[in-house]
Novice: 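Okay, here's the structure, questions in a sec.
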Amino acid sequence: MAYDADVIVIGAGLAGLTATAELVDAGRRVILVDQEPEQSLGGQAFWSFGGLFFVGSPEQRRMRIKDHRELALQDWLGTAGFDRDEDHWPRKWAEAYVDFAAGEKRPWLHAQGVRFFPVVGWAERGGYDAQGHGNSVPRFHVTWGTGPGLLAPFVRRVQEGAARGLVQFKFRHRVTGLSRTGGVVDTVAGEVLEPSDVERGKASGREVTGSFEFRAQAVIVTSGGIGGNHDLVRANWPERLGNPPEKMISGVPAHVDGLMLGIAERAGARLINRDRMWHYTEGIENWAPIWDKHGIRILPGPSSLWLDARGDRLPVPLFPGFDTLGTLNHIMHTGYDYTWFVLNQRIIGKEFTLSGSEQNPDLTGKSVRGVVGRARADVPGPVKAFMDHGADFVVERDLGALVRGMNALTKEPLIDEAALHRTIAARDREIVNPYTKDLQVTAIRGARKFVGDRLVRTVAPHPILDPKAGPLIAVRLNILTRKSLGGLETDLSSRVLQEGGDPLPGVYAAGEAAGFGGGGVHGYRSLEGTFLGGCLFSGRAAGRAAAKSVG
């Protein structure tokens, strides 16, 4: 029986496009399969902020950030906390990825036309000791053009491959099974779904109109994770993080359903670290949703007062932007699944950035004028829209009205005005004094020593209750599903492994489906800016290895 292609790639997101582009460069014939319509080409990466983790970049050097491979690896290992037998390959992937981020990653992207915003961000600051979680220095580089800008060269390379007759796109093809011939997985079967012209991100129909079966010498699984499947998120929720949230909002469309992981597992693949996951604690309901339960993440500066459901401050070092999973762990042991930011308009105007390409039209559209306008605005337009329309926002001139608005958004009126006033006033007394015992105030002052934070991310210290800085703002924060940190176990050639450690013949995996490399390159936690880069690195490895394996 003849092959329909040299390689079948399952999933047309960033990892799948990267793998396909490498296969095209090697002259291989590829069938690229995806259950969504053509307008969703690029998958989740399209909606991303385009953040990438670099080590020792020109952008860092221009901002006098001293970074190097050893420091980055120290941060990665301290963050990952590898402690399982199955962390053998994830750790090797981590070491290889840090080498990539400190070496050819940026030149490779730059050669393809990708450019970066000059101000480097400082995500996941940690707040523990030198060998603990967090980035010791700023490393978060925003792609000029955000997610679409990062996707563009890979879309171009794959489309050029299609024009040369090397790539067949098979949209609306949902894989249901993998099977073998002579012990090698070489057949991909599934259902053809009804055509769909829905906008990118919106739910497409699931009516089946036919079936398909394709054969190739190798199969690459790049189907993504489980973030859009809340039932699967809850089923895999780790006991160490408490009970899963009663309410979750989605940072990814519903088609990010994780079903392909089970299909690969049934075909003999080993799925590891499925209880490791990455969800955000600063989620807000999108006032203009694209998909069901559509949530947006706030990328906050350090000045907002972070309170639990009862109005108590979160413990040190759980400040905005310091430790995502540490904060999630704390929240899920409070008995409630939401928290609050309390701040004022002066803080929100400078310190709130909303994640996602559609929330940053200036960066996505590569508009210098738009970026300058954002910097000059009292409140950026997308943030102001949430203040005006967002279901999680309360904006009031006096504290009493703010508290009444906060209590109106929850099942129980848990916030006490007098107690909240004492909490804010105590913080304000510290902020106007050159000395402090409040470690969040220390963190704010430390952040402003970095020129990038002082310019665009951290407001000058001032009292929250200063009427000239008002109005007051409270934001209810929800748990926002996002990434699977575990996945299909792979070696450094992206070959999928079976129980016992032998490769599953003919099968490779990359991107979130492979835990961004090895079945969990991040371990328990991420340093941020490493998800898109993990798709690029593992997708490139899978494409190159598969290209060499086929005749």
Side-chain angles (χ1 to χ4, degrees), residues 7 9 11-28 30 32 34 38 40-62 96-121 139-167 169 220 222 357 360 363-368 494 508 510-512 516-517 529-548:
V7 181
V9 177
L14 180 59
L17 290 172
T18 304
T20 302
E22 295 295 325
L23 288 160
V24 167
D25 286 354
R28 304 309 186 201
V30 184
L32 182 55
D34 199 286
E38 182 176 4
S40 290
L41 183 67
Q44 297 178 60
F46 178 89
W47 301 106
S48 75
F49 198 32
L52 291 170
F53 175 97
F54 293 127
V55 179
S57 71
E59 290 79 15
Q60 287 177 306
R61 291 193 292 272
R62 281 194 290 268
Y97 182 75
V98 171
D99 288 342
F100 179 59
E104 63 177 313
K105 178 182 177 183
R106 189 186 180 283
W108 176 64
L109 290 170
H110 195 272
Q112 297 183 69
V114 181
R115 299 295 182 265
F116 307 99
F117 189 62
V119 178
V120 182
R139 296 190 176 106
F140 190 82
H141 298 65
V142 176
T143 303
W144 188 236
T146 65
L150 183 60
L151 279 168
F154 299 97
V155 171
R156 182 185 67 246
R157 290 169 65 189
V158 171
Q159 289 177 336
E160 288 172 352
R164 292 166 53 193
L166 292 175
V167 178
F169 293 106
I220 304 177
T222 59
S357 56
N360 296 274
L363 293 167
T364 302
K366 302 182 180 181
S367 170
V368 174
S494 289
Y508 301 77
E512 193 172 353
F516 303 96
T530 56
F531 298 128
L532 295 173
C535 290
L536 294 169
F537 186 50
S538 61
R540 190 177 80 153
R544 291 180 177 183
K548 290 180 180 179

Novice: Within the distance-only criterion (no hydrogens, no angle test), does the side chain of Ser494 pair as donor or acceptor with the backbone N or O of Tyr508 below 3.5 angstrom?
Specialist: no

Novice: Quick one: does Leu536's side chain get under 4.5 Å of Leu150's, heavy atoms only?
Specialist: yes

Novice: Are side-chain heavy atoms of Gln44 and Glu512 found at a separation under 4.5 Å?
Specialist: yes

Novice: Is there a donor-acceptor pair closer than 3.5 Å between any side-chain N or O of Thr146 and the backbone N or O of Gly50?
Specialist: no

Novice: Given Ser57, which of Arg62, His141, Arg106 fulfils the side chain to side chain donor-acceptor pair (under 3.5 Å) condition?
Specialist: His141

Novice: Measure the CZ-CG distance between Arg139 and Leu52 for me, rounded to the nearest 0.5 Å.
Specialist: 14.0 Å

Novice: Quick check: closest heavy atoms across Gly149 and Thr143, and the distance to 0.1 Å?
Specialist: C-CG2, 4.1 Å

Novice: Got Leu17 and Leu32 here, is their nearest side-chain heavy-atom distance under 4.5 Å?
Specialist: yes

Novice: Does some side-chain heavy atom of Ser48 sit less than 4.5 Å from a side-chain heavy atom of Leu532?
Specialist: yes

Novice: Answer yes or no: is there a side-chain heavy-atom contact under 4.5 Å between Lys105 and Phe54?
Specialist: yes

Novice: For residues Trp144 and Leu363, determine if any side-chain heavy atom of one lies less than 4.5 Å from a side-chain heavy atom of the other.
Specialist: yes

Novice: Grab the two heavy atoms, one from Gly511 and one from Ser538, that are nearest each other, plus how far apart they are.
Specialist: N-OG, 2.8 Å

Novice: Run the ring pair (Phe, Tyr, Trp, His ring centres under 6.0 Å) test on Tyr97 and Phe516 for me, step by step, so that the C-alpha distance in whole Å, both residues' side-chain angles and the decisive distance to 0.1 Å come before the verdict.
Specialist: CA-CA 10 Å; Tyr97 182 75; Phe516 303 96; 9.6 Å; no

Novice: To the nearest 0.5 angstrom, please state how far the CH2 atom of Trp108 sits from the CZ atom of Arg540.
Specialist: 5.5 Å

Novice: Looking at every heavy atom in both Ala19 and Ile220, which two are closest together, and how far apart are they?
Specialist: CB-CD1, 4.1 Å

Novice: When you compare the side chain of Pro148 with that of Thr364, does any pair of heavy atoms fall below 4.5 Å?
Specialist: yes

Novice: Counting distance only, does the side-chain N/O of Arg115 pair as donor-acceptor with the main-chain N or O of His110 below 3.5 Å?
Specialist: yes

Novice: If you take all heavy atoms of Val24 and Gly161, which pair is closest and at what distance?
Specialist: CG1-CA, 3.8 Å

Novice: Between Thr222 and Thr20, is any pair of side-chain heavy atoms under 4.5 Å apart?
Specialist: no

Novice: Using only atom types and a distance under 3.5 Å, with no angle test, would you say the side chain of Arg28 pairs donor to acceptor with the backbone of Ala547?
Specialist: yes

Novice: Going by atom type alone, with no hydrogens or angles, which donor-acceptor pairs under 3.5 Å involve a side-chain atom of residues 151-159 and a protein atom two or more places apart or on another chain?
Specialist:
unit_1 : atom_1 : unit_2 : atom_2 : d
Arg157 : NH1    : Gln112 : OE1    : 3.0
Arg157 : NH2    : Glu22  : OE2    : 3.3
Arg157 : NH2    : Asp25  : OD2    : 2.6

Novice: So, taking the atom named CG in Leu41 and the one named CZ in Phe46, what distance separates them when rounded to the nearest 0.5 Å?
Specialist: 10.5 Å

Novice: Could you report the tightest heavy-atom contact between Pro107 and Gly103, atom names first, then the distance?
Specialist: CD-O, 3.3 Å

